[in-house]
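Below is one structure, written out as structure tokens; comments come after it.
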Amino acid sequence: MTADLAAVLAGSRLLPVLTVPSVASAGPLADALASGGARCAEVTFRTPDAERVVKAMAAHGALTVGAGTVLTAEQAERAVAAGARFLVSPGFDDEVIDAARELGVPVAPGVATASELMRALKAGVDTVKLFPAEPLGGTGMLRALAAPFPGARFVPTGGIGPDQLPAYLTHPSVLAVGGSWIATPGHLERGDYDEIRRLTAEAVERTAP
């Protein structure tokens, strides 16, 4: 039986979204995120080292690690084999949903329209990624989608910064908010882990009730 994403995230309302060019960054990055108070992280499958990064960060043990930008069933299988506890996709794909179900991990498919949300709910998926949240209209779009679907839960991601974080979190349908500003490829290229820790701590504070 597939686990529930809320249970896997264990109450964490901040989901750092990470594009990590090199596995060498995995350990220091996990240290910085955990020191800042993060309890989970999404590693996007956008780089050649993504699978190794998932494995290294999962083995680190400080964070619940998931895989993002999962586009195929094969990627889903590789991610879970590497230690991913959940999957996130930018869109809705039946094969990815089926793979997650077979692998026993929760998946949050991306939706941008009411029709896509209805498709997800029909497939038995009640937690979705609203993507790209800010270009779609931000919290206005979130409220519009949530109103006719009271059973749906959202993980808004895309274009969100620290200033927008509280507005999303006040909506009762929001499980967590994904943010890529916390640890950018630029931060990692410079080895600026102190800044990552600071941004994480600042964001975690903004998620407090």
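The analysis underlying the following values was restricted to heavy atoms, covering all of them including side chains, and did not include hydrogens, waters or symmetry mates.
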Steps toward side chain to side chain contact (heavy atoms under 4.5 Å, CB included) verdict (Val65, Phe86): CA-CA 7 Å; Val65 180; Phe86 61 92; over 6 Å; no
Identify every side-chain donor-acceptor pair in residues 31-38 under 3.5 Å, counting partners at least two apart or on other chains, and give the distances.
residue, atom, partner, partner atom, Å
Asp31, OD1, His60, NE2, 2.6
Ser35, OG, Asp31, O, 2.8

Honestly curious: do [X] and [Y] fall in one hydrophobic cluster under the side-chain, below-4.5 Å linking rule?
| X | Y | result |
| --- | --- | --- |
| Val107 | Val17 | no |
| Val43 | Phe45 | yes |
| Val111 | Phe149 | yes |
| Leu121 | Leu142 | yes |

Which distance, rounded to the nearest 0.5 Å, do you find between the [atom1] of [X] and the [atom2] of [Y]?
| X | Y | atom1 | atom2 | value |
| --- | --- | --- | --- | --- |
| Leu145 | Thr113 | CG | OG1 | 7.5 Å |
| Leu71 | Asp93 | CG | CG | 8.5 Å |
| Lys122 | Leu117 | NZ | CG | 13.5 Å |
| Lys129 | Leu5 | NZ | CG | 12.0 Å |
| Glu77 | Leu103 | CD | CG | 6.0 Å |
| Leu130 | Phe154 | CG | CZ | 6.5 Å |

Criterion side chain to side chain contact (heavy atoms under 4.5 Å, CB included) on Asp49 and Val20, from CA distance to verdict: CA-CA 8 Å; Asp49 259 6; Val20 187; over 6 Å; no
Test item: [X] side-chain N/O and [Y] main-chain N/O as donor-acceptor pair under 3.5 Å:
| X | Y | answer |
| --- | --- | --- |
| Ser12 | Leu9 | no |
| Gln164 | Ile160 | no |
| Arg13 | Val174 | yes |
| Thr72 | Gln75 | yes |

Qualifying residues under salt bridge (Lys or Arg N to Asp or Glu O under 4.0 Å), relative to Arg153, sequence neighbours excluded: Asp4, Asp126
Student check: side-chain heavy atoms of [X] and [Y] closer than 4.5 Å:
| X | Y | value |
| --- | --- | --- |
| Leu63 | Cys40 | no |
| Val155 | Val88 | no |
| Ser89 | Thr69 | no |

Counterpart residues, side chain to side chain contact (heavy atoms under 4.5 Å, CB included), relative to Thr19 (two or more places apart): Thr44, Arg46, Thr47, Pro185
Partner of Glu42 by side chain to side chain contact (heavy atoms under 4.5 Å, CB included), out of Leu87, Leu15, Val70: Leu15
Mind listing the side-chain donor-acceptor pairs of residues 175-182 below 3.5 Å, one per line with the distance, residues two or more places apart or on another chain?
none

Throw together a table of side-chain donor-acceptor distances under 3.5 angstrom for residues 200-209, partners on residues two or more places apart or in other chains.
residue, atom, partner, partner atom, Å
Thr200, OG1, Ile196, O, 2.7
Arg206, NH1, Pro162, O, 3.0
Thr207, OG1, Val204, O, 2.6

Sequence neighbours excluded and cut-off under 3.5 Å, please list the side-chain donor-acceptor pairs for residues 134-141, or say none.
residue, atom, partner, partner atom, Å
Glu134, OE2, Tyr168, OH, 2.5

Quick one: closest heavy-atom pair of [X] and [Y], and the distance?
| X | Y | result |
| --- | --- | --- |
| Val96 | Ala73 | CG2-N, 4.2 Å |
| Ala144 | Pro148 | O-CD, 3.2 Å |
| Phe131 | Pro90 | CD2-O, 3.8 Å |

Trace of the salt bridge (charged side-chain N to carboxylate O under 4.0 Å, His left out) decision for Arg198 with Glu195: CA-CA 5 Å; Arg198 185 192 71 78; Glu195 178 67 0; 2.8 Å; yes
Pair Lys55 + Glu51: basic N to acidic O under 4.0 Å: no
